[in-house]
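Have a look at the structure below before the remarks.
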Amino acid sequence: MPELPEVETSRRGIEPHILNKKIKHVVIRQYQLRWPIPKNLASILTDLKLSQVARRGKYLLLHFGTSGTVIIHLGMSGSLRICTPSTPAGKHDHIDFVFSNNKVLRLTDPRKFGCVLWTKLPVDDHKLISKLGPEPLNDEFNADYLYAQSRKRTCSIKTFIMNSHVVVGVGNIYASESLFMAGINPNRKAGSLSRPRCEKLVIAIKKILELAIQQGGTTLRDFTREHGQPGYFAQQLQVYGRANEPCSSCGKLIKQISQQNRSTFYCTACQK
DNA sequence: ACTGGATCCTGACTGC
DNA sequence: TGCAGTCAGGATCCAG
């Protein structure tokens, strides 16, 4: 369940266990993820010291000084946890990074939509990272930006804000939630949004993500240790997964539709 | 340059 | 129970 808040929660959860530790060895059980794990990754990483645990969008970045960076994406079903070398590996535990302090960073990903890659480049120059839009919580993501980017765009506003080249980290759940908070119909064409409504949407996206990170930080604190815990934020969702339930604002039943083969939930009365 | 659709993969759930 | 069909929190690639 990796939305941006959870990737950030994972980052904060694993960092204290492995920062500034050396890799003792790497165990790779399944190379075939979204893209294959580089064959020589284990030998490259052995004896390198982890200097920084960063995040860009939904990508987790393990920096090893000037040597290079491991790029991890959790896809739809990936998760990370800290365990020990003696913790038995499950069916979908694809890679273990074993550190000198005997802590293991373990990636689990049943659907294999995630990836583990290596780059020597400055990570911002990597193909997957270089074209990403701004971080939603940075000042760079503001009403002027969203308004300018959306002009003449005919795709729906929901599809637009989920496009990682426009802004990173807005997944299917938070797209629906943000549009509800901003009172915008998800079917509306991106280019038809007024400047004030762009501002409203930017504020909503920031607010929703900040709230989710805050909740992830408290309720999913041990997400990296106990796989599969239900997220507390699920109870805070106003429209996502609530088809045919009354709108919390007006009482009209929440509608579920499909956009780009993804479910969208919204209130036909509150969102125009 | 944009848009819509196909696609990678497994598991949970529903209905027959 | 078993089996087929549908649906999942992502995002790239490709054709038009």
Side-chain angles (χ1 to χ4, degrees), chain A residues 1-10 29-37 55-60 71-80 90-95 107-117 126-133 136 148-180 186-192 205 208-209 211-213 215-216 219-220 223 227-244 256-265:
Chain A
M1 31 152 82
E3 288 269 342
L4 182 145
E6 235 181 14
V7 177
E8 178 60 21
T9 300
S10 290
R29 301 184 191 84
Q30 169 62 270
Y31 283 87
Q32 298 306 315
L33 302 183
R34 172 88 200 251
W35 298 287
I37 296 177
R55 178 187 62 74
R56 177 75 174 93
K58 293 173 190 165
Y59 291 95
L60 202 64
I71 301 173
I72 298 176
H73 196 290
L74 300 176
M76 299 264 260
S77 58
S79 64
L80 288 166
K91 187 176 172 189
H92 303 295
D93 293 341
H94 304 316
I95 181 166
L107 172 73
T108 305
D109 184 8
R111 287 177 73 182
K112 301 183 193 150
F113 281 12
C115 67
V116 178
L117 299 171
H126 189 275
K127 193 182 160 192
L128 291 174
I129 309 287
S130 62
K131 293 186 178 140
L132 294 178
Q149 290 292 311
S150 59
R151 290 315 86 188
K152 297 188 179 168
R153 295 294 292 265
T154 59
C155 66
S156 71
I157 185 61
K158 193 237 187 183
T159 303
F160 188 68
I161 59 174
M162 284 182 67
N163 182 341
S164 61
H165 299 322
V166 174
V167 58
V168 298
V170 182
N172 200 39
I173 291 178
Y174 295 126
S176 278
E177 292 297 310
S178 302
L179 288 164
F180 175 75
N187 287 312
R188 175 174 284 281
K189 291 201 187 313
S192 77
I205 289 171
I208 293 276
L209 289 178
L211 189 69
I213 289 174
Q215 291 177 347
T219 65
L220 295 178
F223 169 68
H227 171 61
Q229 281 200 322
Y232 177 72
F233 60 76
Q235 296 165 31
Q236 306 288 313
L237 299 175
Q238 300 297 304
V239 287
Y240 188 86
R242 296 193 180 280
N244 298 319
Q256 176 173 3
I257 60 171
S258 182
Q259 295 179 293
Q260 318 296 122
N261 258 348
R262 313 294 300 276
S263 291
T264 302
F265 301 84

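Remember, predicted model here, so these are calculated numbers, not experimental data.
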Taking the six-membered ring of A/Phe113 (Phe, Tyr or Trp), confirm whether the NZ or CZ of A/Arg111 is under 6.0 Å from its centre and within 45° of its axis.
yes
Fill in the dot-bracket string of DNA chain B, one character per base: . for unpaired, | for a pair to another strand, ( ) or [ ] for pairs within the strand, taking Watson-Crick or G-U pairs under 3.5 Å.
.|||||||.|||||||
May I have the distance from [X] (atom [atom1]) to [N] (atom [atom2]), rounded to whole angstrom?
{"X": "A/Met162", "N": "C/dG9", "atom1": "CE", "atom2": "P", "result": "8 Å"}
{"X": "A/Lys189", "N": "B/dC2", "atom1": "NZ", "atom2": "C1'", "result": "12 Å"}
{"X": "A/Tyr174", "N": "C/dA11", "atom1": "OH", "atom2": "P", "result": "14 Å"}
{"X": "A/Arg262", "N": "C/dT12", "atom1": "CZ", "atom2": "C1'", "result": "13 Å"}
{"X": "A/Gln149", "N": "B/dA1", "atom1": "CD", "atom2": "P", "result": "13 Å"}
{"X": "A/Gln259", "N": "C/dG10", "atom1": "CD", "atom2": "C1'", "result": "16 Å"}
{"X": "A/Ile72", "N": "C/dG10", "atom1": "CD1", "atom2": "C1'", "result": "16 Å"}
{"X": "A/Ile71", "N": "C/dT12", "atom1": "CD1", "atom2": "P", "result": "12 Å"}

Would you say [X] reaches [N]'s phosphate, i.e. side-chain N/O to OP1/OP2 under 4.0 Å?
{"X": "A/Tyr240", "N": "C/dA8", "answer": "no"}
{"X": "A/Ser77", "N": "C/dG9", "answer": "no"}
{"X": "A/His73", "N": "C/dG10", "answer": "no"}

Touch check for A/Glu177, heavy atoms < 4.0 angstrom, all strands: base, sugar-phosphate only, or nothing?
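No contact.
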Base, sugar-phosphate, or nothing: which does A/Lys127 touch, judged by heavy atoms less than 4.0 Å apart?
sugar-phosphate
Would you say the side chains of A/Lys158 and A/Asn187 form a donor-acceptor pair under 3.5 Å?
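No donor-acceptor contact under 3.5 Å links the two side chains.
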Going by distance alone, is a donor N or O of one side chain under 3.5 Å from an acceptor N or O of the other, for A/Thr154 and A/Lys189?
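Judged by distance alone, the side chains do not pair up.
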Check for a donor-acceptor pair, side chain of A/Arg34 on one end and backbone N or O of A/Gly114 on the other, with a separation under 3.5 Å.
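Flag not set: sc A/Arg34 to bb A/Gly114 has no pair under 3.5 Å.
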Is the backbone of A/Pro5 close enough, under 3.5 Å, to the side chain of A/Glu3 for a donor and an acceptor to pair up by distance?
no
Is there side-chain contact between [X] and [Y], with heavy atoms separated by less than 4.5 Å?
{"X": "A/Pro136", "Y": "A/Val168", "result": "yes"}
{"X": "A/Phe180", "Y": "A/Pro186", "result": "no"}
{"X": "A/Leu74", "Y": "A/Lys58", "result": "no"}

Which pair of non-hydrogen atoms, one from A/Gln32 and one from A/Lys112, has the smallest distance, and what is that distance?
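Residues A/Gln32 and A/Lys112, closest heavy atoms: O-CD, 3.5 Å.
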Whole-Å [atom1] distance, [N] and [M]:
{"N": "C/dA11", "M": "B/dA1", "atom1": "P", "value": "22 Å"}
{"N": "B/dT3", "M": "C/dG9", "atom1": "C1'", "value": "23 Å"}
{"N": "C/dT6", "M": "B/dA6", "atom1": "P", "value": "14 Å"}

Which nucleotide in C/dT12, C/dA8, C/dA11 has an atom nearest any side-chain atom of A/Lys58
C/dA11
Identify, with sequence neighbours excluded, every residue that meets side chain to side chain contact (heavy atoms under 4.5 Å, CB included) alongside A/Ser150.
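A/Ser150 satisfies side chain to side chain contact (heavy atoms under 4.5 Å, CB included) with A/Phe160, A/Ala190, A/Cys198 once adjacent residues are dropped.
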Output one letter per nucleotide in nucleotides 3-13 of chain B: B when a protein non-hydrogen atom lies under 4.0 Å from the base, S when only the sugar-phosphate is that close, - when neither is.
SS---BBBS--
